[in-house]
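The next block holds one structure in the form of structure tokens; read it before the comments.
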Amino acid sequence: MEQITLLLEGFAGALTPMHLLWALIGVTIGTAVGVLPGIGPALTVALLLPITFRLEASSALILFAGIYYGGMYGGSTTSILLNTPGESASIIAAIEGNKMARAGRAASALATAAIGSFVAGTIGTVGLTFLAPAVAGFATSFGPPEYVALMAVAFTTVSALLGPNLLKGMAGLLVGLTIGLIGIDSQTGQPRLTFGVDSLLDGIDVVIVVVALFALGETFSRVMTGIGHSTVQPVRGRALLSRSDLRRSWPAWLRGTALGFPIGSLPAGGAEIPTFLSYTTEKRLSRHRHEFGRGAIEGVAGPEAANNAAAAGVLVPLLTIGLPTSATAAVILTAFQSYGLQPGPALFEESGPLVWTLIASLYVGNVMLLLLNLPLAKVWARLLTIPPYAIYAAVLMFAALGAYAAGGTTTDLIVLCVLGLLGLLMREAGIPLAPAVVGLILGPIAEQQLRRALVLSEGDLSILVSGPITVVLWVVAVLSLVVPVLLPVVRKRRSTLAGTATTDGSESK
């Protein structure tokens, strides 16, 4: 009942005209950038960070949350119409959705994606409402040793899951940790990695780093590889579901939600795993298996629901323990910090009205997204006809303006370009950006907590494994490092044994 009371108070704040306006702007921008290939919610939030400093914290966070949810909605449009997933979580929607579009059923595919996103997003937000305070209450018992172990879990899981392999994920993390060290050491007063440049003594603004790695790195990469051209599949008819499509879709929406939210809530979660699991589940349970690979509507409904439920789940570790498990969550964490807010157990106590207003706005945003996506499917499809060179020219302009607004010096623009080239090199090497952002944000916090723990123990490292919670967290961190290495070995050995058994069986016959 306490959560319901707090949520109602949050609705009182979220339903004010100004907050409704920012929610509408957020979901509209989010849907638009989700539709445009290569322009995702993480890049958009990064671009808008510098120009939203003058907004109230609640208004800015509602705007960013709307962009986050809207991006999940819009990502299905480009997957279905162009067979071009904007994010890894939208890959599955492209498999069946584009086949439906090519068969003249684009409207049905867009409708099941939009309604499934609404159902899953709403149920996921309900889960966030009741789960987040409980997790935050548990996390209030954490001391410096527990936080050090928790940061280790964040570093290892993000490196293992958000990169093509563990080594490249750790490389991305190391880049972020190194950038986070630049500036004056808060305890010794000694400059670190400033190379004699006075403007680096205060460190590099997180906003500039995020804008450079995401916006400039993406633009430089597109210019080098060719911005390309694409043919939009036409949308025939209104985005509505027939009775048969609805009958086949609603069980998939519920199953996708059941997979997406709990997995997305895990510190090692994310949206990729539940979308793949949802597609596999629907393929096994469907009475229309012969349609899979040719345009099965369940193959769009389930994964899209899992994607949006996971998006709600990702906010659980972000708000309760300050752990981002996706690139967009990492950028939103930067937004919290830019307003002097640190997501974690104390957030619900110190900034309770803001948090509950934000959660209430997610319900409102979901309704807005459904009303936007169903009638305006053809409008969003027309966005795909904008020339890519125009899109990326605008990205460059906003990135430069945003960086200059954040710092106000030409040095910031030079740092922006240097880090943009670093982002390009990381993309060319296949090194993921999300671990770099996580390392940049959480690295200084981990260093601070480690120093506190060692002060408490007078330099005794055994304090880091002094309690059951720390032991469990360190075990999870070690498993996050070991499992990705051992899993391919085990699979290879199983396939070798299976091949040997098959060969022996054929020879005996």
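What you see is a predicted model; the values in this text were computed from it and never measured. Side-chain atoms are counted along with the backbone in the values below, which use heavy atoms only and exclude waters and symmetry mates.
The side-chain heavy atoms of Val316 and Phe261, taken from C-beta on, include a pair separated by under 4.5 Å. With a 4.5 Å cut-off on side-chain heavy atoms, Thr5 and Trp356 do not count as touching. The closest side-chain heavy-atom distance from His19 to Ser361 is not below 4.5 Å. You'll find the side chain of Phe336 reaches within 4.5 Å of the side chain of Ile332, heavy atoms only. Put simply, the side chain of Ile115 does not reach to within 4.5 Å of the side chain of Leu246, judged on heavy atoms. Between Val364 and Phe11, the closest side-chain pair of non-hydrogen atoms falls below 4.5 Å. At least one side-chain heavy atom of Ile179 sits less than 4.5 Å from a side-chain heavy atom of Leu419. At a threshold of 4.5 Å between non-hydrogen side-chain atoms, the residues Leu315 and Leu318 count as touching.
Ser58 and Thr357 are not linked by any side-chain donor-acceptor pair at a separation below 3.5 angstrom, with hydrogens and angles left out of the test. No hydrogens or angles considered: a donor-acceptor pair under 3.5 Å links the side chains of Tyr69 and Thr125.
Considering Leu440, Leu173, Leu177 in turn, Leu173 is the only one that fulfils the side-chain contact (heavy atoms from CB on, under 4.5 Å) rule with Pro435. The side-chain hydrogen bond (donor to acceptor under 3.5 Å, both in side chains) with Ser117 is formed by just one residue from the set Thr122, Asn307, Asn308, Asn366; it is Asn308.
Taking both residues in full, the closest heavy atoms of Met368 and Ala23 are given as SD-C, 4.0 Å, listed atom of the first, atom of the second, then distance. Contact between Ala114 and Leu370 at its shortest, heavy atoms only, is O-CD1, 4.0 Å. Residues Ala306 and Ser278 approach most closely at CB-CB, 4.0 Å, considering heavy atoms. Shown here for Thr112 and Ser249, the closest heavy-atom pair between the two residues is OG1-OG, 3.0 Å. Annotation for Gly97 and Ala109: closest pair O-CB, 4.3 Å, computed over non-hydrogen atoms. The shortest non-hydrogen separation linking Gly169 to Pro432 is CA-CG, 4.0 Å.
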Please determine whether side-chain contact (heavy atoms from CB on, under 4.5 Å) holds for the pair Met100 and Ile297, giving the CA-CA distance in whole Å, both sets of side-chain angles, and the decisive distance to 0.1 Å.
CA-CA 8 Å; Met100 292 180 66; Ile297 196 168; 4.0 Å; yes

Is there a side-chain contact (heavy atoms from CB on, under 4.5 Å) between Phe64 and Leu48 once you walk through the steps?
CA-CA 9 Å; Phe64 296 147; Leu48 290 177; 3.9 Å; yes

Show the numbers, then the answer: is there a side-chain contact (heavy atoms from CB on, under 4.5 Å) between Val175 and Leu213?
CA-CA 11 Å; Val175 170; Leu213 292 181; 5.7 Å; no

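Expressed to the nearest 0.5 Å, how far CZ of Arg255 lies from CH2 of Trp250 amounts to 8.5 Å. Taking CG from Leu259 and CG from Leu254, the interatomic distance works out to 11.5 Å, rounded to the nearest 0.5 Å. The CE atom of Met18 sits 11.5 Å away from atom CD1 of Ile62, with the distance rounded to the nearest 0.5 Å. Note that CG of Leu396 is 6.0 Å distant from CZ of Phe220, once rounded to the nearest 0.5 Å. Note that CG of Leu7 is 7.5 Å distant from CD1 of Ile359, once rounded to the nearest 0.5 Å. One finds the CG atom of Leu63 at 11.0 Å from the CG atom of Leu24 (value rounded to the nearest 0.5 Å).
The number of heavy atoms from other shown groups lying within 6.0 Å of CH2 (Trp22) does not exceed 12.
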